[in-house]
Amino acid sequence: MNELLKQDISKAFEQSFNLAAGNELIIQKTRKEFIGDYTINVFPWVKQIRKSPEEIAQTIGNYLLNNCHYISEFQVIKGFLNLSIRTQTLLEQAFKEPTISQSKQQQIVIEFSSPNTNKPLHLGHIRNNLLGNSISLILSNFHNVIKVNLINDRGIHICKSMLAWQKWGNGQTPENTHIKGDKLVGDYYVLFDKEYKKQIEQLISNGYSKEEAEKKAPLMLEAQEMLRKWEQGDEKVHNLWKTMNQWVYNGFETTYQKLGITFDKIYYESETYELGKQYVLKGLSEGIFFQKSDGSVWVDLTQDGLDEKLLLRADGTSVYITQDIGTAVLRYNEFKPNRMIYVVGNEQNYHFQVLKLVLNKLGFSWANTIYHLSYGMVELPEGKMKSREGTVVDADDLIAELEHEAKQIALKSGKLKDADEITFQKGIEKIAAAALKYFILKVDPEKNMTFNPQESIDFDGNTGTFILYTYARIQSILNKASEQNIVVQKPDAIDINDKERELLLLLIDFPYVVAEAASLFNPAKIANYVYCLSKEFNQYYQSYPILKEENANIRNFRLILSQKIAKTIKRCCNLLGIETIDKM
RNA sequence: GGCCCUAUAGUUCAACGGAUAGAACGGAAGUUUCCUAAACUUUAAAUCCAGGUUCGAUUCCUGGUAGGGCCA
């Protein structure tokens with residue numbers, strides 16, 4: 001519809017004013033207080049044409065009315081040209097299958113999640129996972145998408161939890177404690193920190209400076225020793241490392257399943273950091289990087305407006321970026337993607353600038369295909385989540401809490417009471433997941449968002465529940481229709497009311513919304529759209545009978561419209577990684 | 001100290017440079033003999049400040065202020 005209008009309006013400008021409308025031509029929806037469906041604004045051309053806005057709009061309007069069969073009337077208000085589309089055309093457009101994309105255009109690798117194996121997943125990870133997953137789903141309409149995860153499974157922080165377990169673990173395992181693996185390991189990480197702090201305080205009271213104490217604390221020295229042993233391939237350390245990491249992976253898997261997240265390929269930092277090191281050393285020998293007197297390797301980015309950046313520590317151990325270099329190369333060689341997307345928080349904006357530059361300097365022309373999909377932090381009302389202060393919102397706890405709340409509401413309202421135990425539980429889980437996913441995804445990714453644990457996530461208003469409810473309502477109507485042996489079929493020529501018109505226009509919008517979401521990497525566009533569609537339908541439902549409409553032709557139309565809306569809601573939900581349910 | 005990001009009702013979010021800035025929650029007032037009230041209707045309430053560009057600025061530019069982040 002949009003394209004068609006654009007073409008014809010461009011033609012109108014050419015024929016009437018011998019002028020290319022160009023990029024200035026923007027079609028928007030007519031505001032509700034005016035008559036019309038689509039609006040263009042002729043102000044941009046007033047200077048060139050040297051006529052009044054009203055005159056220009058009038059001319060274009062006349063041209064369209066005379067030359068385009070689908071325009072039924074137009075109105076000019078100031079510089080705005082409001083066009084009305086023939087109902088028949090709207091019906092055709094709204095009910096045809098949306099052609100989102102014909103062929104897979106590009107190969108895209110998208111990395112998201114990227115957890116550390118020393119801590120359980122929290123709300124920040126949830127945002128990352130949901131964004132990555134939804135964007136993959138959206139892009140899959142246009143491209144061949146490969147979802148990858150990079151697990152940060154090595155380094156000093158991992159050794160800390162290993163060391164603590166070794167010292168104080170008493171042979172605890174997820175099996176014998178019934179504690180989820182990632183939680184158990186996380187507990188030991190916290191324990192390390194606690195004991196480490198005690199040692200620091202002890203040393204300070206013995207006259208050490210804070211800095212000295214932090215370096216000299218025996219626990220820290222032991223952890224560092226463990227890391228060295230790990231890097232040398234010490235068998236005992238490696239066995240412990242493998243065991244504990246496996247606990248964590250099992251734990252993560254449970255959470256991923258709850259969120260409906262899967263990956264096509266998992267990379268481990270322990271398998272890529274050596275490769276990264278090789279490239280850093282290669283760059284050093286080629287004079288791309290330089291070495292400081294202590295032996296550390298750096299890259300000078302002052303020419304590019306940045307600082308010098310450390311690539312390899314003095315003791316030869318690698319830093320974050322070292323392994324990112326290795327992983328990028330590995331990934332490129334494996335998939336030869338046209339584009340590599342990294343879904344990583346905006347705290348790492350600088351890091352990715354550096355990564356791109358470093359890869360460029362190493363001569364990888366594909367470095368420019370890297371796109372850092374940067375998203376804002378999830379904050380609490382009192383500020384950042386801090387694990388030390390215990391304010392981190394744990395992913396599993398949050399999901400459990402939401403399920404509990406959904407259950408209470410369902411029991412109280414008597415919903416789902418006919419369902420058997422399993423269907424009921426499944427329904428609750430899906431409702432809770434939808435509420436969480438929608439809550440996170442409706443916010444523009446680049447913005448920081450606030451999460452209030454007390455108020456938690458709403459089940460009323462602009463929420464995932466509302467969307468699911470609308471869908472279930474329509475399913476209920478359609479089920480009743482089929483019970484009454486009413487066949488949903490195309491109606492004959494029909495007059496439609498304003499609400500129906502609004503709904504048709506929204507349906508026509510769907511493919512454009514998906515395209516916009518894809519080009520902006522922004523699932524919030526889909527979320528806003530589906531909310532708008534659901535709200536519009538609920539209002540419609542309230543004011544007009546659908547199944548109970550007596551005129552069979554109108555009833556037919558209303559049923560087929562409802563069916564189409566349900567289908568579109570479901571599509572949107574699926575793009576957000578949300579599963580719909582037929583009853584609630 | 002250098003660089004980056006953000007700023008919209010009491011709160012959480014919308015609004016390709018376009019018409020009277022939309023919603024939700026919360027507040028106030030209503031709607032169940034009728035297709036699911038997790039819904040619907042009515043109502044009060046906002047663009048951080050000062051300049052600039054433009055026919056037109058919440059949106060773009062400059063300078064403040066406040067918050068967040070990154071690099072030392």
Side-chain angles (χ1 to χ4, degrees), chain A residues 23-34 39-44 46-47 52-53 77-80 82 301-302 305-310 345-354 374-377 379 381 383-384 405-406 408-410 412-416 431 434-435 438-439 442-444 446-452 455 457-481 483-484 486 512 516 519-520 524-525 527-529 531-532 534-535 537-549 555 558-559 562 582-584:
Chain A
N23 294 333
E24 311 260 24
L25 179 55
I26 288 155
I27 296 167
Q28 46 194 333
K29 280 204 170 163
T30 303
R31 294 179 68 113
K32 280 189 179 156
E33 55 270 33
F34 301 102
T39 296
I40 62 162
N41 187 319
V42 299
F43 272 114
V46 168
K47 256 190 195 160
S52 75
I77 298 167
K78 291 191 274 182
F80 296 94
N82 296 336
L301 299 172
T302 47
L306 304 178
D307 277 331
E308 294 177 347
K309 174 84 184 175
L310 176 72
N346 63 14
E347 58 200 346
Q348 300 211 34
N349 285 356
Y350 185 78
H351 173 86
F352 277 95
Q353 256 181 307
V354 173
S374 162
Y375 63 88
M377 302 286 96
E379 289 168 356
K384 237 189 143 178
E405 212 171 313
Q408 297 309 311
I409 295 171
K412 204 171 133 196
S413 65
K415 291 292 173 64
L416 284 169
I431 291 167
Y438 186 85
F439 178 82
K442 76 173 174 187
V443 181
D444 189 327
E446 83 173 12
K447 294 199 175 171
N448 285 5
M449 60 182 295
T450 311
F451 174 77
N452 188 333
E455 292 173 12
I457 290 169
D458 280 331
F459 289 92
D460 301 319
N462 183 358
T463 63
T465 329
F466 176 79
I467 314 289
L468 288 193
Y469 179 69
T470 312
Y471 180 82
R473 249 186 173 174
I474 299 176
Q475 290 314 307
S476 168
I477 296 172
L478 295 174
N479 282 335
K480 288 206 166 125
E483 277 168 21
Q484 294 171 28
I486 296 172
Y512 301 100
E516 193 192 16
S519 66
L520 298 174
K525 298 287 172 192
N528 291 339
Y529 169 80
Y531 174 66
C532 195
S534 302
K535 190 168 174 55
F537 178 81
N538 273 320
Q539 290 169 0
Y540 177 58
Y541 173 92
Q542 201 74 22
S543 5
Y544 299 97
I546 295 170
L547 193 57
K548 300 220 162 159
E549 168 60 42
R555 186 185 62 200
R558 291 185 177 170
L559 282 170
S562 304
D582 291 343
K583 276 187 187 158
M584 68 182 278

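Within every chain, numbering begins at 1; the chains are lettered A, B, ... in the order of the sequence lines, protein sequences first and strands thereafter.
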Query raised in the report: For the side chain of A/Glu33, counting heavy atoms from C-beta on, which of B/U20, B/U6, B/A39 is nearest?
Result: B/U20
Query - Base-pairing mate for B/U8 - Watson-Crick or G-U, with both contacts under 3.5 Å - result: none
Query raised in the report: Between atom NZ in A/Lys535 and atom C1' in B/C25, what is the gap in whole Å?
Result: 12 Å
Query raised in the report: Just checking A/Glu455: base, sugar-phosphate only, or nothing, at a heavy-atom cut-off of under 4.0 Å?
Result: nothing
Requested in this report: Take A/Phe80 and A/Phe34, measure what side-chain contact (heavy atoms from CB on, under 4.5 Å) needs, and give me the verdict at the end.
Outcome: CA-CA 11 Å; A/Phe80 296 94; A/Phe34 301 102; over 6 Å; no
Requested in this report: Check whether any side-chain nitrogen or oxygen of A/Lys480 sits under 4.0 Å from OP1 or OP2 of B/U36, and answer yes or no.
Outcome: yes
Query raised in the report: Planes under 30° and centres closer than 5.5 Å, is that true for A/Phe80 with the base of B/A19?
Result: yes
**Report entry** Non-hydrogen side-chain atoms of A/Glu347 and A/Met377 separated by less than 4.5 Å
**Finding:** yes
Report task. Check whether any side-chain N or O of A/Lys447 sits under 4.0 Å from OP1 or OP2 of B/A14, and answer yes or no. Result -> yes
Requested in this report: Examine the base of B/A37 for any acceptor or donor lying under 3.5 Å from a partner atom in the side chain of A/Asp460, and report the outcome as yes or no.
Outcome: no
Query raised in the report: Heavy-atom distance under 4.5 Å between the side chains of A/Tyr438 and A/Ile467, does that happen here?
Result: yes
Report task. Output yes when at least one side-chain N/O atom of A/Arg473 is less than 4.0 Å from OP1 or OP2 of B/A37, else no. Result -> yes
Query - N or O in side chain of A/Lys47 less than 4.0 angstrom from B/C55 OP1/OP2 - result: yes
Query raised in the report: Should A/Ser476 be listed as having a side-chain N or O under 4.0 Å from OP1 or OP2 of B/C35?
Result: no
Query raised in the report: Rounded to whole angstrom units, what separation is found between the CD atom of A/Gln484 and the P atom of B/C35?
Result: 12 Å
Query raised in the report: Is there ring stacking between A/Phe43 and B/C55, where the centres must be under 5.5 angstrom apart and the planes under 30 degrees?
Result: yes
Query raised in the report: Between B/U42 atom P and A/Gln539 atom CD, what is the distance in whole Å?
Result: 8 Å
Report summary line: With the side chain defined as heavy atoms from C-beta on, A/Asn462 is closest, among B/C71, B/A39, B/A24, to B/A24
Report summary line: Base orientation of B/U58, chi within 90° of 0 counted as syn, else anti, reads anti
Report task. Quick one: label A/Tyr544 by what it contacts on the DNA or RNA (base, sugar-phosphate, nothing), any heavy atom closer than 4.0 Å. Result -> base
Report task. Answer with base, sugar-phosphate or nothing: what part of the nucleic acid does A/Asn41 contact at a heavy-atom distance below 4.0 Å? Result -> base
Query raised in the report: So what's B/U62 paired with, Watson-Crick or G-U wobble, going by both distances under 3.5 Å?
Result: B/A50
Query raised in the report: What is the nucleic acid contact for A/Thr39, judged by heavy atoms within less than 4.0 Å: base, sugar-phosphate only, or nothing?
Result: base
Query raised in the report: Considering only the P atoms, how many Å lie between B/C49 and B/U8, rounded to the nearest integer?
Result: 11 Å
Query raised in the report: Distance-only, no hydrogens or angles: does the A/Lys525 side chain make a donor-acceptor pair with backbone N or O of A/Lys442 under 3.5 Å?
Result: no
Requested in this report: Determine: side-chain N/O of A/Arg31 to OP1/OP2 of B/G22, distance under 4.0 Å, yes or no.
Outcome: yes
Query raised in the report: Base, sugar-phosphate alone, or nothing: which one does A/Met377 contact when heavy atoms must sit under 4.0 Å apart?
Result: nothing
Query raised in the report: If we call it a pair only when both distances are under 3.5 Å in a Watson-Crick or G-U wobble match, what pairs with B/U20?
Result: none
Report task. May I ask you to say what A/Lys583 touches in the nucleic acid, namely base, sugar-phosphate or nothing, with a heavy-atom cut-off under 4.0 Å? Result -> base
Query - Closest listed nucleotide, where the reference is the side chain of A/Asp458 and the choices are B/C40, B/A38, B/C25 - result: B/C25
Report summary line: Taking B/A19, B/A38, B/C4 as options, the one with an atom nearest any side-chain atom of A/Asn349 is B/C4
Report summary line: Whole-Å distance, A/Leu301 CG to B/G2 C1', equals 15 Å
Query raised in the report: Taking CG from A/Asn528 and P from B/U12, how many angstroms apart are they, rounded to a whole number?
Result: 17 Å
Query raised in the report: When only distance counts, do a donor and an acceptor, one from the side chain of A/Thr463 and one from the base of B/A24, lie under 3.5 Å apart?
Result: no
Query raised in the report: Touch check for A/Ile431, heavy atoms < 4.0 angstrom, all strands: base, sugar-phosphate only, or nothing?
Result: base
Query raised in the report: Closer to the 5' end of RNA chain B via nearest nucleotide, is it A/Tyr531 or A/Ile26?
Result: A/Ile26
Query raised in the report: Once the angle between the rings of A/Phe451 and A/Phe439 is folded into 0 to 90°, is it parallel (under 30°), tilted (30 to 60°) or perpendicular (over 60°)?
Result: perpendicular
Requested in this report: Would you mind reporting whether A/Ile486 and A/Lys480 have side-chain heavy atoms less than 4.5 Å apart?
Outcome: no
Query raised in the report: Which part of the nucleic acid does A/Phe451 contact within heavy-atom distance under 4.0 Å: base, sugar-phosphate only, or nothing?
Result: nothing
Requested in this report: Provide the Watson-Crick or G-U wobble partner of B/C70, both distances under 3.5 Å; none if there is no partner.
Outcome: B/G2
Query raised in the report: Does the side chain of A/Thr470 reach to within under 4.5 Å of the side chain of A/Tyr541, using non-hydrogen atoms?
Result: no
**Report entry** A/Glu549/A/Arg558 salt bridge by N-O under 4.0 Å criterion
**Finding:** yes
Report task. Searching all strands shown, indicate the nucleotide that pairs with B/A28 (Watson-Crick or G-U wobble; both distances under 3.5 Å). Result -> B/U42
Query raised in the report: Which whole-number value in Å describes the distance from A/Asp444 CG to B/A15 P?
Result: 7 Å
Query raised in the report: Would A/Leu301 and A/Asp307 satisfy side-chain contact (heavy atoms from CB on, under 4.5 Å), going step by step from the backbone distance to the final call?
Result: CA-CA 5 Å; A/Leu301 299 172; A/Asp307 277 331; over 6 Å; no
**Report entry** Nearest-nucleotide 5' precedence on RNA chain B, A/Pro545 against A/Ile409
**Finding:** A/Pro545
**Report entry** Nearest-Å distance for atom pair CD/P, residues A/Gln28 and B/A14
**Finding:** 20 Å
Query raised in the report: How would you label the contact of A/Asn479 with the nucleic acid (heavy atoms, under 4.0 Å): base, sugar-phosphate, or nothing?
Result: nothing
Report task. With heavy atoms under 4.0 Å as the rule, sort A/Ala472 into base, sugar-phosphate or nothing. Result -> base
Query - Rounded P spacing from B/C34 to B/C25 in Å - result: 25 Å
**Report entry** Spacing between A/Tyr438 atom OH and B/U12 atom P, to the nearest angstrom
**Finding:** 18 Å
Requested in this report: Would you classify A/Ile477 as touching base, sugar-phosphate or nothing, given that sugar-phosphate means primed atoms plus P, OP1 and OP2, and contacts are heavy atoms under 4.0 Å?
Outcome: sugar-phosphate
**Report entry** Option among A/Asp582, A/Leu547, A/Leu559 that satisfies the side chain to side chain contact (heavy atoms under 4.5 Å, CB included) test with A/Leu478
**Finding:** A/Leu559
Report task. Can you tell me, in whole Å, how much space there is between the P of B/U41 and that of B/G26? Result -> 16 Å
Requested in this report: Taking only the side-chain nitrogens and oxygens of A/Lys525, find out if one of them lies under 4.0 Å from OP1 or OP2 of B/A15.
Outcome: yes
Report summary line: Pairing partner of B/A57, by Watson-Crick or G-U wobble and under 3.5 Å for both distances, is none
Requested in this report: Under 4.0 Å between any heavy atoms, over every strand shown, what does A/Thr465 touch: base, sugar-phosphate, or nothing? Just pick one.
Outcome: base
Query raised in the report: Which nucleotide, B/A38, B/C34, B/G69, lies nearest any side-chain atom of A/Glu347?
Result: B/G69
Query raised in the report: Just checking A/Glu379: base, sugar-phosphate only, or nothing, at a heavy-atom cut-off of under 4.0 Å?
Result: sugar-phosphate
